[in-house]
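By convention in this document, chain letters (A, B, ...) are assigned in the order of the sequence lines, proteins followed by strands, and residues within each chain are numbered from 1. Owing to the predicted nature of the structure, the values given are computational and were not obtained by experimental measurement. The figures that follow rest on heavy atoms only: side chains count, while hydrogens, waters and symmetry mates do not.
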Amino acid sequence: MSQITLTFPDGNTREVPQGITPAQVASDISTSLGKKAISATVNGAHFDLQWPIEKDASVAIHTMQDDEQALELIRHDLAHIMARAVQEIWPEVKVTIGPVRDYGWFYDFDREEPFTPEDLGRIEARMKEIINARDAVRTEVWSRDQAIAHYEKTGEPYKVELVNRIPEGEPIRMYWHGDWQDLCRGPHLQHTGQVPADAFKLTHIAGAYWLGDSSRPMLQRIYGIAFKNRNDLKAHLNMLEEAAKRDHRKLGREMGLFHMQEEAPGQVFWHPNGWTIYTTLQDYVRRKQRAGGYNEINTPQVVDRKLWEASGHWEKYQHHMFIVEVDESRDGEHDDAAAKSREHTRINALKPMNCPCHVQVFNQGLKSYRDLPLRLAEFGSCARFEPSGALHGIMRVRGFTQDDAHIFCTEEQIQEECARFIDFLADIYRELGFPEFEIRFATRPEKRVGTEESWDYVEGALENAIKATGHDYVLEPGDGAFYGPKLDFYLTDAIGRVWQCGTFQVDPNLPERLDAGYIAADGERHRPFMLHRAVLGSFERFIGILIENHAGKLPLWLAPRQVVVAAIVSDADDYCREVVAKLQAAGIRAETDLRNEKINYKVREHSVGKVPYILACGMKEVEERTVSVRKLGEKQTSGATLDEIVDRLRTEATPPDQR
RNA sequence: GCCGCAGUAGCUCAGUGGUAGAGCGCACCCUUGGUAAGGGUGAGGUCGGGAGUUCAAUCCUCCCCUGCGGCACCA
């Protein structure tokens, strides 16, 4: 047998027989490492201790101290242990796939009966038994025929399909946990007892399509989370609780921001407090857009299908549109439905996007190259018939308003406009409290229109623009629209979640379809490019993100109720009114709380309601003409004179662009 | 849209084959209290909608609507 050379992280090398396993390597280094080893990294790949090493390689042995590998193995082993537990309890269940994901794993099963939450406890208990049995994990590489024959015999049709899908040349690995067997690419731990028995939890059950394909059967997916020890699990469960407290649906109710009801699914009824946030944010964006060279417009919401046919939406997007039929023969009268005649019925659609309407504005009057770039912005109210299962609070809705704009420009202007936009967006994200964002650059897809030269040019322009602004980007090859490449902007919130908000898309297609043109310097009519772009995306969704990002404690300038002036004794009522009048005169959203309640009660209620400042006034304040200031989230109060507090709040309540 | 779960007072939830309860909130009264819930009294519900089974349905069955968790979707 020939020798191979292994190189270790410290630079040492070792000559070993070809086909040696990482387990043997670890034991050769030291008995203790042999015992502690859980897996290895061999030439960059995560390796099972049982797999043979066939050629010269760099090798690092992992122990439970290596979080990344340890967690992957623990979670992956638990996926299999769970599948085994399920099949031991319900032998008729068919197994499919069970990958590691997020903070745990999931495994998809095919079973007639639905799993119930009570079943989860039963499965967990069986899993603990399997862990305590410390069953050895064993692996073999099988031939495709052997594997298929095996799974046909054991009645596992999904596994047969999986085996068939493994590319030629890749090993087909079989794993055993005790007597239970599964197809798996590995790696795994060496026995089930290496998995901590008290640091995992099955969290929920949900439906999931086989292979993610909505035309394939719906399977039952069981999710679990797992960590290295009980404390990490507890910490994660606490974090989930914290995240639940930030839920914008809950805070929206508690803060009196908005409600939704079943007569208008996916649409928001904004209450005074919520609408204050909305308009404050909109005013801010409007100022930014004006400063950024945009012209604000407004276009119709109910538009004849002819325009949607011309734009291509009727063909490609109709299922997502609200269609409105109007019998024009009615002429305002109450007519019998039977009187409706087809020739008098006009079919309209609520606009799902603003772009076709913006082209109509562009098309009015003859445009010169001197007019370009022309930046048309609209707070465009759109309606999309989103699938019922997609709706989620105010984050995913059927009626929403975009901070939309379309830039009409020449091909040569794309790069400059793109760079301008990235700076524009970065500025707004920073001012709104999201300094970190990521750019994803989606390039030409397989199915596309336009010449290769044109794609080359436009993609180059976007790439140069990103570089000019000094940002990094992630390339997403093939993810662009059929008509052009795009940039998507993902911001990171306070608890590390990422949200796609901004977008920038190059579109030569719609101007073509809707026959937009301008007269160039050569006196000829040319086609402009159209750049679709948004910063916030939709106000509804962005406000949802803001609420969750701040856990409801919005910065003062966005807070709907900025100050409550609370009387401690009713003899201070008049003074409280005077304080509120002064604050309001300074442009601050202030109100009194003169109710017959103790100050404790008022402080609690307004704290729960996320009011940024409570100014308490008793007879001491009346006599000294001061206020007692309590800032949200702080136990400590401080005194201030009337002038001081007005000044301080006015400064803090100034929107970031006006400071 | 698909799978599963849920819908009872404004909110959070308990409950029963014989038309319903709690806490908070709300109204009124007492209380004027110094920084996260003072006390009392009271009002408030066709138990999501429709059909069926039954002497009788909020409860059982079916259909629908909406919500929640995922999946799919997000030209």
Side-chain angles (χ1 to χ4, degrees), chain A residues 101 106 108-111 113-117 119 203-223 244 247 249-250 253-254 256 259-266 311-321 352-353 355 384-393 395-398 400 445 447 480-483 486 488 500 503 505 507 509-510 532 537-538 541 564 566-573 594-609 614-621 628-639:
Chain A
R101 213 189 79 155
F106 63 77
D108 289 348
F109 300 98
D110 186 9
R111 178 184 180 225
E113 291 284 298
F115 289 112
T116 66
D119 289 339
T203 54
H204 54 280
I205 310 158
Y209 295 110
W210 168 231
L211 299 175
D213 182 343
S214 58
S215 67
R216 307 296 304 267
M218 175 70 65
L219 306 170
Q220 295 189 65
R221 175 171 296 179
I222 301 178
Y223 287 89
D247 192 311
R249 294 165 299 192
K250 180 175 177 284
R253 192 167 46 238
E254 289 172 0
H259 86 273
M260 305 178 87
Q261 63 186 52
E262 62 178 85
E263 287 81 357
S311 70
H313 288 93
W314 193 259
E315 185 198 347
K316 290 200 172 128
Y317 207 72
Q318 197 187 139
H319 292 300
H320 294 272
M321 297 207 282
M353 297 166 197
C355 18
R384 293 183 188 172
F385 191 76
E386 298 286 357
S388 57
L391 303 179
H392 178 85
M395 300 275 212
R396 186 80 185 269
V397 287
R398 288 181 175 160
F400 56 94
K447 280 192 178 176
F482 69 90
Y483 47 74
K486 65 171 177 175
D488 283 326
Q500 193 248 311
T503 189
Q505 301 183 23
D507 183 4
N509 182 60
L510 200 61
H532 308 255
S538 94
R541 182 158 176 276
V564 168
I568 296 170
V569 293
S570 52
D571 283 346
D573 286 2
L594 309 179
R595 291 175 304 169
N596 176 17
E597 296 291 352
K598 290 194 172 184
I599 192 65
N600 287 311
Y601 183 91
K602 296 181 182 181
V603 165
R604 178 183 151 77
E605 186 174 281
H606 299 308
S607 299
V608 169
I614 299 168
L615 306 184
C617 299
M619 290 322 288
K620 176 169 169 284
E621 285 73 20
S628 166
V629 182
R630 184 181 168 116
K631 195 170 180 179
L632 180 60
E634 292 178 9
K635 287 239 175 344
Q636 201 71 33
T637 61
S638 63

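Side-chain contact between A/R249 and A/H392 is present, with heavy atoms from C-beta onward closer than 4.5 Å.
The separation between A/K635 atom NZ and B/rA36 atom P is 7 Å, rounded to whole Å. Between the CD atom of A/E254 and the P atom of B/rG10 there is a distance of 18 Å, given to the nearest Å. In this structure, A/Y317 places its OH atom 7 Å from C1' of B/rA75, rounding to the nearest Å.
Interface remark: the A/R630 side chain does form a donor-acceptor pair with the B/rA36 base, using a distance-only criterion of under 3.5 Å. Contact of A/E621 with B/rG34 (side chain to base): a donor-acceptor pair of N or O atoms is detected under 3.5 Å. Side-chain atoms of A/H313 and base atoms of B/rA75 include a donor and an acceptor less than 3.5 Å apart. Under 3.5 Å, the side chain of A/Y209 and the base of B/rG1 form at least one donor-acceptor pair of N or O atoms. For A/T637 against B/rU35, a side-chain-to-base donor-acceptor contact under 3.5 Å is absent. No N or O donor and acceptor, one from the side chain of A/R249 and one from the base of B/rC68, sit under 3.5 Å apart.
Nucleotide B/rA27 is matched to B/rU41 when pairs are restricted to Watson-Crick or G-U wobble geometry with both distances under 3.5 angstrom. If you check B/rA22 for Watson-Crick or wobble pairing at under 3.5 angstrom, you find it paired to B/rU12. Remark: B/rG17 base-pairs with no nucleotide; criterion is Watson-Crick or G-U wobble with both hydrogen-bond distances under 3.5 Å. Using N1 to N3 plus N6-O4 or O6-N4 for Watson-Crick, or N1-O2 and O6-N3 for G-U wobble, each under 3.5 Å, B/rC68 pairs with B/rG4. B/rU54 is unpaired under the Watson-Crick or G-U wobble criterion, no partner having all donor-acceptor distances under 3.5 Å.
Across B/rG69, B/rG1, B/rA75, the shortest atom-to-atom separation from the side chain of A/A206 is found for B/rG69. Side chain of A/Y483, nearest nucleotide from B/rC73, B/rC71, B/rA75: B/rA75. If you check B/rG69, B/rA75, B/rC3 against the side chain of A/M218, the one that comes closest is B/rC3. Set against B/rA36, B/rA75, B/rC74, the side chain of A/N600 has B/rA36 as its closest nucleotide. The side chain of A/V569 has B/rU32 as its nearest neighbour among B/rG34, B/rU32, B/rA37.
Rounded to a whole angstrom, the distance from the C1' atom of B/rG40 to that of B/rC59 is 36 Å. As rounded to the nearest Å, B/rU54 and B/rG18 have C1' atoms that lie 12 Å from one another. With both ends at atom P, the span from B/rA14 to B/rA6 equals 11 Å, rounded to whole Å.
Residue-level contact check: A/G212 touches the backbone only, with heavy atoms under 4.0 Å from sugar-phosphate atoms and none from bases.
Residues A/E263 and A/R384 both approach RNA chain B. Their nearest nucleotides, taken by heavy-atom distance, put A/E263 toward the 5′ side.
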